[in-house]
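For reference, the structure discussed in these notes is given below.
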Amino acid sequence: MLYREAGQFKTSYAADQQLFPIRQDRIGILILLAVVFLVIPGVAGDYWFSAILIPFLIFSLAALGLNILTGYAGQLSLGSAAFMAVGAYAAYNFQLRIDGIPILVSFVCAGLTAAGIGILFGLPSLWIKGFYLAVATLAAQFFIVWCLTKFPWLSNYSSSGVISTQPLIIFGHAFTSPQEKYLLVLTIVAVMALAAKNMVRSSTGRAWMAVRDMDVAASVIGIRLMPVKLLAFAVSSFYCGVAGALYAFCYLGSVEPDGFSLDMSFRILFMIIIGGVGSILGSFLGAAFILLLPVFLDIALPWAARLLGLPFSSATVSHIQVLVFGALIMFFLIVEPHGLARLWQITKEKLRLWPFPH
Amino acid sequence: MSKKTGEVILDLQSISLRFGGVKALTDISFDVREHEIRAIIGPNGAGKSSMLNVINGVYHPQEGVIIFRGQERKRMEPHQAATQGIARTFQNIALFKGMSVLDNIMTGRITRMKASFIEHALWLGRAKREELEHRKKVEEVIDFLEIQHIRRIPVGRLPYGLQKRVELGRALAAEPSMLLLDEPMAGMNVEEKQDMCRFILDVNDQFGTTIVLIEHDMGVVMDISDRVVVLDYGKKIGDGLPDDVKNNEDVITAYLGVSH
Amino acid sequence: MQFFLEVLISGLLSGVMYALVALGFVLIYKASGVFNFAQGAMVYLAALSVAGCMEKGAPLWLAIILAFVIMTLFGIATEKFVLRKLVNQPPITLFMATIGLAFFIEGLAPIVFGSEPRALDLGIVDEPIAVILDAWDMVISKFDLVAAGVAALLVTALALFFQYTRTGRALRAVADDHQAALSIGIPLQHIWAIVWGIAGFAALVAGLMWGARNGVQFALTFTALKALPVLIIGGFTSVPGAIAGGLIIGASEKLAEIYLPPVMESMFGGNFGGIEGWFPYVLALFFLLVRPEGLFGEKHIDRV
Ligand SMILES: Nc1ncnc2c1ncn2[C@@H]1O[C@H](COP(=O)(O)OP(=O)(O)OP(=O)(O)O)[C@@H](O)[C@H]1O
Ligand SMILES: [Mg+2]
């Protein structure tokens, strides 16, 4: 009964092409927005904002960026973290070197810088595919991080490339409390998620998916592979770049190049595999899952060990974490390659019929 | 079949294509007239699919000239063929598996959509308008092919016969002036074949679309095509009206010579 | 010139070490079309198994045999529980699954065998070869030379195996055509299990050499990252390609590490060490530009 779309007949294609064609979805989204914008800021504590919600939103954005490239356009990248690094350092340098540049403008410029570099490293995709390309994106991962460490100008001559971000001031208001930062990040992420949703449901997205599913057929119906692939790299890197800028400015406040490691790239990849490859919602679900799992294991494992009377070290916790990540990736790829997003959809379909299963 | 076929719009002259040591096509020439249904037949591996691939730029022949609408084409890429009005279906269905039927057919109109990704992202006037406009056209194709009921289903989940139909839909959505069909009826039952025949004839009839068709079913070929080219081992061994071809010595030996 | 040669030779020798790892990739890719990202983790697992067994008191030869058993069982398990469930999935899905597999191993191995770095003594000392040092005044490590010899042996053994045994021929048949392999009468799954066993063996050899050279530690997993550019240059399907690629990467990387930073320092100032992290990749990208199918690969046009 909760999810009955019967009786909601579309009388025009316009109605059918709304962002959320089903009324329950529209209501659900409105409630969700009300909760995240109005309720959470009132009830959550600082720990929740700075240790959970802000990183969750930022990684969702990065995962969204990777999902555009890998999930929609089918180009596997193992260098997402490097593009976040580009975003972080670019935003820092725009703030540093251009007097009076508004912080939001420097975030956009950071995204654009990342997009430019993304296009550069996306060029190999024009003549190679699949894991050849994945290996090529590793070049981006290693080269970019190395550059940020070695060219002192980029970090304003600080030691080993560490940067401390400038204060967040927008229209004269300083965003200092975790709550304010949360709202800022939330707004940016919400707007960008909406834009992504719009892109993937239009012909831009269809071109990406066509290239992903069957590139020869795509070119035969008139899609030019080069601009489509490069656009995917650009947009994806833009999203990762902005995520990186937010990571530096709104989450950590001080970052170093080595923080944007291959391991982080892998985590972002895991987010989309577990959340759902080719799903906007999946990027959020996956980010939540991958970020919360370690928190959960940290609590659950010692408890379980005590229960079973096993010896236990904190090193073991981190090994188990890695092991569980790996196992989950294989599990999801085998059992539900469309990830949590698909599970959610199935649940919705069940609810739609509930309580009468026929 | 009384129908006015027009001028030659596609002229292939001495086409040769090799893959390493394999000669897929050797010195093949034939032409296609406007509004006609031109069949290409021949035993397995004769080079039929390769011929279609040459026409729309998927393969690049080492030798030969292709003249389309009076223009000699040098090396051309598939997307250029598409913008010139050539659409195509494939022998092994080449649909976009992760997308719904509706989205697959919508991609057929992609060359006609002009809005940029920024307009899409912001869902501004033109992007929205275009989606609607083209959706209407696509719905016409869906009605034409009688696949309204499967609109929302991801194509990967459809049975083979329907997938072939959706693929035809994607090609038709482009409103092509020339349609290349690679074994559109392979693996279909009699009823599905009849439907497909009807669609092909209707397209040819209603929209005047020129059709180049590869088909193994001789009955179908003889029934619906205006002229037939016969290939064997990459060489042309016959060309003409269905009845002439049927009685051609070489063709008969080629067909009897290969055991099926 | 002396110095240049010395760098070149030590580069070539360490290239052999890369080739050892790359070989494992090639074997699995050839036979099953899987690009096994976990090969580096398998090197780590193999080395840890040896070190772990020795810690429990086993002599070296026994530890190696035990490690081989572990690697084989592990390969069979991987085939049975992961890859078999993913047949008919796109290659990229399989690739991602092996990334998961890599993490799984990297988590599991230290839980079983302990994570503290250990030395692995094979009885070969890492010292300059006296003859060469005396005659040409060049420092060429004994260890590197032995490693190169081992690699050569491994390659020869593999070549013989593929050429002269029934299983080996079946494996080659699978690489060319899955259907043909079935007609030989060996089930595909057995073949894959065997392949994973062989790849495990290759990982063991690489693990022994790398472990003896750098210690048995987590960093062994990074050998995979070294092997990837090797594969791009050599092609994923060619054993000689893996060797050639390894040599090219090893030599050029060492030379670049010595000769490039001074140039960059004179241009930009500062310190530009550590370029071996990305240099092989950038080199591989340039190779891709020229020969997308790798040095020994064949050009291929998609069929439609
Ligand atoms: N991309 C390719 N790479 C290598 N060889 C190819 C390629 N495409 C076709 N060939 C070869 O060219 C020859 C002709 O193939 P083609 O697919 O055109 O035959 P066909 O007449 O369509 O056969 P069928 O009736 O089986 O579809 C065959 O020998 C085939 O192996
Ligand atoms: Mg064919």
Review point. Is A:Met214 close to B:Phe96 at the side-chain level, that is, under 4.5 Å between some pair of heavy atoms?
Key: yes
Study note, to complete from the structure: The interface call for A:Val235 against chain B, heavy-atom contacts under 4.5 Å, is side chain
**Study point:** Residues from residues 120-137 of chain B approaching chain A under 4.5 Å (heavy atoms)
**Key:** B:His120, B:Ala121, B:Leu122, B:Trp123, B:Glu131, B:Leu132, B:Arg135, B:Lys136
Review point. Which atoms of B:Thr83 come close to chain A, meaning under 4.5 Å heavy atom to heavy atom: side chain ones, backbone ones, both, or neither?
Key: neither
Check your understanding: Heavy-atom distance under 4.5 Å to chain A: side chain of B:Arg170, backbone, both or neither?
Key -> side chain
Revision key, fill the gap. Greatest number of non-hydrogen atom pairs under 4.5 angstrom with chain B, of A:Met192, A:Arg201, A:Lys197, falls to A:Arg201
Practice item. Counting only heavy atoms closer than 4.5 Å, note whether B:Asp103 contacts chain A via side chain, backbone, both or neither. Key: both
Review point. Are there residues of residues 139-162 of chain B that reach to under 4.5 Å of chain A by heavy atoms, and which ones?
Key: B:Glu139, B:Arg152, B:Arg157
Point to revise | NZ/NE/NH1/NH2 to OD/OE distance under 4.0 Å, B:Lys97 and A:Asp213 | key: no
Practice item. Could you have a look at B:Pro78, B:Ala87, B:Ala81 and say which one has the most heavy-atom pairs with chain A under 4.5 angstrom? Key: B:Pro78
Practice item. Kindly compute the distance separating CE (A:Met199) from CZ (B:Phe117), expressed to the nearest 0.5 Å. Key: 7.0 Å
Check your understanding: At their closest point, which heavy atom of A:Arg212 faces which heavy atom of B:Gly98, and how far apart are they?
Key -> NH2-CA, 3.9 Å
Study note, to complete from the structure: Residues B:Met99 and A:Ala210: closest non-hydrogen pair is SD-N, 4.0 Å
Review point. Out of B:Gly57, B:Pro176, B:Ala94, which one racks up the most heavy-atom pairs below 4.5 Å with chain A?
Key: B:Ala94
Point to revise | Which portion of B:Leu95 sits near chain A, non-hydrogen atoms under 4.5 angstrom | key: backbone
Check your understanding: Taking non-hydrogen atoms and a cut-off under 4.5 angstrom, which of residues 115-125 of chain A neighbour chain B?
Key -> none
Check your understanding: When rounded to the nearest 0.5 angstrom, what is the spacing between CD1 in B:Ile105 and CZ in A:Arg206?
Key -> 11.5 Å
Revision key, fill the gap. Among residues 219-228 of chain A, those lying within the under-4.5 Å heavy-atom range of chain B are A:Ser219, A:Val220, A:Ile221, A:Gly222, A:Ile223, A:Arg224
Point to revise | Euclidean distance, B:Met106 CE relative to A:Ser202 OG, rounded to 0.5 Å | key: 9.5 Å
Practice item. Could you check which of A:Ala217, A:Gly278, A:Ala196 has the highest count of heavy-atom pairs closer than 4.5 Å to chain B? Key: A:Ala217
